[in-house]
K.L.:
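One structure follows; several queries about it will come next.
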Amino acid sequence: MENWFTELHTKDTGISIKVAKPIYTKFSKYQRIDIFQNKTLGRILTLDGLIQLTESDEFIYHEMLVHPSLVVHPTCEEVLVVGGGDGGTAREALKHNQCRIDLVEIDEAVIKACIKFFPTLSLSLSDERVKLFTEDGTKFTKKKKSKYDVIIVDSTDPIGFAKELFRAQFYKSCYSALKENGILVAQSESPILHRGIMKGMYKNLSAIFPTVQFYLVPIPTYPSGLWSFVFCSKKYQPLEFAREVNFTTKYYNLEIHKASFALPNFVKDIFNSD
Ligand code: SPD
């Protein structure tokens with residue numbers, strides 16, 4: 001019998017991936033965690049049945065979530081990662097040698113599973129520049145004032161407990177937790193399938209940050225294949241100080257940085273419509 005994983009993206013569309021080998025399943029306090037192997041895509045992590053990463057394309061997501069803001073901030077040293085218990089975001093942030101990272105992941109079970117099954121991502125979590133906190137990112141952020149240069153929100157989709165990471169209250173706490181020239185970046189869903197979510201984020205964020213700019217990235221295994229991130233800043237513009245980096249990346253480079261902030265009209269319309 002063939003075993004297929006299916007994630008529905010709408011009532012009548014989705015993605016199906018053949019499970020070559022189930023590797024791990026756990027019901028944690030927060031969610032169902034699954035890891036399985038596919039011959040083409042490698043190991044895959046799903047949370048509550050939604051793909052979080054595949055070994056084949058996680059580099060696109062993690063490089064593009066991290067490098068645009070860390071390249072633009074001219075003196076970034078203190079970074080907060082909210083979520084990201086798999087370690088992929090920390091791995092990329094550590095390429096910026098001067099950065100120290102606080103990583104706050106609500107679900108310890110995600111960290112443990114990824115340490116075991118995704119070493120190329122989770123090795124970062126044992127770096128001495130990374131401090132791990134297993135607690136609720138919204139509560140953690142509320143306690144911090146003017147501490148971070150960059151905050152990176154590597155959340156799951158806005159379902160269940162992760163909804164809190166898409167609310168105005170959380171963005172306000174992030175604003176206060178950032179220094180006077182700080183940058184917040186967050187994953188912000190698909191401009192094809194989640195336009196309402198992006199519009200809501202834009203509305204909430206632009207009431208708080210003077211600069212709010214979305215950028216686009218292709219992620220083949222995410223809903224619709226086209227994904228977005230949002231860059232919010234107190235001072236810097238996303239193309240200011242953009243430069244080539246002196247470390248190895250598989251996706252990110254200066255041309256990609258610039259190009260990803262150019263938005264097609266159907267995406268601009270999300271923010272211009274009432
Ligand atoms: N629909 C999938 C969105 C998942 C975003 N988070 C991925 C976490 C990888 N570190």
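Atoms within a ligand are numbered from 1 in the order they appear, just like the ligands themselves.
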K.L.:
Should Ile51 be listed as contacting ligand 1, given a heavy-atom distance under 4.0 Å as the test?
P.N.:
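Right, Ile51 reaches ligand 1.
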
K.L.:
Quick check on contacts: which atoms of ligand 1 are under 4.0 angstrom from a heavy atom of Asp157?
P.N.:
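Checking each atom against Asp157, I get 1 (N), 2 (C), 3 (C).
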
K.L.:
Run the salt bridge (Lys or Arg N to Asp or Glu O under 4.0 Å) test on Arg100 and Glu78 for me, step by step, so that the C-alpha distance in whole Å, both residues' side-chain angles and the decisive distance to 0.1 Å come before the verdict.
P.N.:
CA-CA 5 Å; Arg100 289 180 291 277; Glu78 300 295 335; 2.4 Å; yes

K.L.:
Please examine the side chains of Lys18 and Asn38, heavy atoms only from C-beta on, and report whether any two atoms are closer than 4.5 Å.
P.N.:
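Yes, at least one pair of side-chain atoms sits under 4.5 Å.
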
K.L.:
What orientation do Tyr252 and His67 show, parallel under 30°, tilted 30 to 60°, or perpendicular over 60°?
P.N.:
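Ring orientation of Tyr252 relative to His67: tilted.
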
K.L.:
Given that the side chain starts at C-beta and the backbone is N, CA, C, O, which of these parts of Glu58 lies under 4.0 Å from ligand 1, counting heavy atoms, or is it both or neither?
P.N.:
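Glu58 to ligand 1: no contact under 4.0 Å from either part.
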
K.L.:
For atom 4 (C) of ligand 1, what's the nearest protein heavy-atom neighbour? Residue, atom name and distance, please.
P.N.:
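Sorting protein heavy atoms by distance from atom 4 (C) of ligand 1 puts Gln52 OE1, 3.3 Å first.
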
K.L.:
Do you know which of Phe271, Phe231, Tyr171, Phe209 makes ring-ring contact (aromatic ring centres under 6.0 Å, His included) with Tyr202?
P.N.:
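Of the listed residues Phe271, Phe231, Tyr171, Phe209, the ring-ring contact (aromatic ring centres under 6.0 Å, His included) partner of Tyr202 is Phe271.
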
K.L.:
CD1/Ile44 to CZ/Phe5 distance, rounded to the nearest 0.5 angstrom?
P.N.:
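So the CD1 of Ile44 and the CZ of Phe5 are separated by 7.5 Å.
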
K.L.:
Return yes or no for this condition: an N or O of Ser155 is under 3.5 Å from an N or O of ligand 1.
P.N.:
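Indeed, backbone or side chain, Ser155 has an N or O that close.
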
K.L.:
I'd like the name of whichever of Phe118, Tyr222, Trp227 reaches closest to atom 7 (C) of ligand 1 through any heavy atom.
P.N.:
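Nearest option to atom 7 (C) of ligand 1, by heavy atoms: Tyr222.
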
K.L.:
Give yes or no for whether the N/O distance cutoff of 3.5 Å, strictly under, is met between Gln187 and ligand 1.
P.N.:
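Gln187 vs ligand 1: no N/O contact under 3.5 Å.
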
K.L.:
Aromatic rings His194 and Trp227: how do their planes relate, parallel, tilted or perpendicular, breaks at 30° and 60°?
P.N.:
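Judged by the thresholds at 30° and 60°, the geometry between His194 and Trp227 is perpendicular.
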
K.L.:
Would you check whether Asp86 has a nitrogen or oxygen atom less than 3.5 angstrom from a nitrogen or oxygen atom of ligand 1?
P.N.:
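N/O-N/O distance below 3.5 Å exists for this pair.
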
K.L.:
Determine, using heavy atoms of Asp154 and all atoms of ligand 1, whether some pair is separated by less than 4.0 Å.
P.N.:
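It does; at least one heavy atom falls under 4.0 Å.
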
K.L.:
Using a 4.5 Å cut-off on heavy atoms from C-beta on, say whether the side chain of Lys203 contacts that of Met201.
P.N.:
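The answer is no; the side chains never approach within 4.5 Å.
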
K.L.:
Before signing off on this row, confirm whether Tyr61 and ligand 1 have an N or O atom pair separated by under 3.5 Å.
P.N.:
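Looking only at distances, the answer is yes, because the N/O contact criterion of under 3.5 Å is met.
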
